[in-house]
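First comes the structure, then the notes that go with it.
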Amino acid sequence: MRQVADYAAVRALTGARPDPRLGQRSMLSLFAGGTAGSPQAATAFDIGYLHGLYDGRGDLPDMIKRAAIVQSIAKYEKQG
């Protein structure tokens, strides 16, 4: 049940689409098919993505916001 709840939260809060290439890195692979085993809960990638998306100012240009998201994902995955 937690997997489904975390998956729904990531999808609803980000609008991100499932991608089987993410594999164990993200809950977004839960129903994407073709992956061996899915994460049991939101991953560092997912948490980093959410933090990067919602932290800071909302009026930043897309390129700057994307860079902030990438930095946030890297930070959370490093903390691991």
Side-chain angles (χ1 to χ4, degrees):
M1 202 53 147
R2 181 176 181 172
Q3 283 178 306
V4 174
D6 285 352
Y7 173 85
V10 173
R11 284 292 311 271
L13 293 172
T14 67
R17 304 233 185 260
D19 188 339
R21 294 174 296 172
L22 290 172
Q24 288 283 336
R25 272 185 89 194
S26 175
M27 285 306 297
L28 293 174
S29 66
L30 185 60
F31 298 111
T35 59
S38 296
Q40 295 299 308
T43 65
F45 178 93
D46 300 322
I47 302 301
Y49 185 76
L50 288 166
H51 275 272
L53 184 62
Y54 286 104
D55 279 351
R57 295 179 21 203
D59 63 344
L60 296 173
D62 289 344
M63 289 181 65
I64 293 173
K65 193 62 175 176
R66 278 190 211 115
I69 291 169
V70 169
Q71 288 176 346
S72 181
I73 291 169
K75 172 185 158 189
Y76 278 87
E77 285 188 326
K78 184 177 180 182
Q79 292 174 357

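What you are looking at is a predicted structure, and each value in this text was computed from that prediction instead of being measured.
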Between [X] and [Y] (side chain of the first, backbone of the second, donor and acceptor by atom type, cut-off under 3.5 Å), is there such a pair?
{"X": "Ser26", "Y": "Ser29", "value": "no"}
{"X": "Tyr54", "Y": "Leu13", "value": "yes"}
{"X": "Gln3", "Y": "Pro39", "value": "yes"}
{"X": "Lys65", "Y": "Asp59", "value": "no"}

State the [atom1]-[atom2] distance between [X] and [Y], to the nearest 0.5 angstrom.
{"X": "Ile69", "Y": "Asp62", "atom1": "CD1", "atom2": "CG", "result": "9.0 Å"}
{"X": "Ile73", "Y": "Ile47", "atom1": "CD1", "atom2": "CD1", "result": "11.0 Å"}
{"X": "Gln40", "Y": "Met27", "atom1": "CD", "atom2": "CE", "result": "8.0 Å"}
{"X": "Thr14", "Y": "Tyr49", "atom1": "OG1", "atom2": "OH", "result": "5.0 Å"}
{"X": "Arg57", "Y": "Ile64", "atom1": "CZ", "atom2": "CD1", "result": "8.5 Å"}
{"X": "Thr43", "Y": "Gln24", "atom1": "OG1", "atom2": "CD", "result": "9.0 Å"}

**Request:** Answer yes or no: is there a side-chain heavy-atom contact under 4.5 Å between Arg66 and Val70?
**Result:**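 Contact flag for Arg66/Val70 side chains = no.
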
**Request:** Test Leu28 against every option in Arg21, Arg11, Arg17 by the side chain to side chain contact (heavy atoms under 4.5 Å, CB included) rule and name the one that passes.
**Result:**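 Of Arg21, Arg11, Arg17, side chain to side chain contact (heavy atoms under 4.5 Å, CB included) with Leu28 is met by Arg11 alone.
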
**Prompt:** Linking I/L/V/M/F/W/Y whenever their side-chain heavy atoms sit closer than 4.5 Å, directly or via other members, would Tyr76 and Leu53 fall into one cluster?
**Reply:**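 No; Leu53 is not reachable from Tyr76 via cluster members.
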
**Request:** Compare every heavy atom of Phe45 with every heavy atom of Glu77, then report the nearest pair and how far apart it is.
**Result:**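 Of all heavy-atom pairs spanning Glu77 and Phe45, the closest is OE2-CB, 3.4 Å.
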
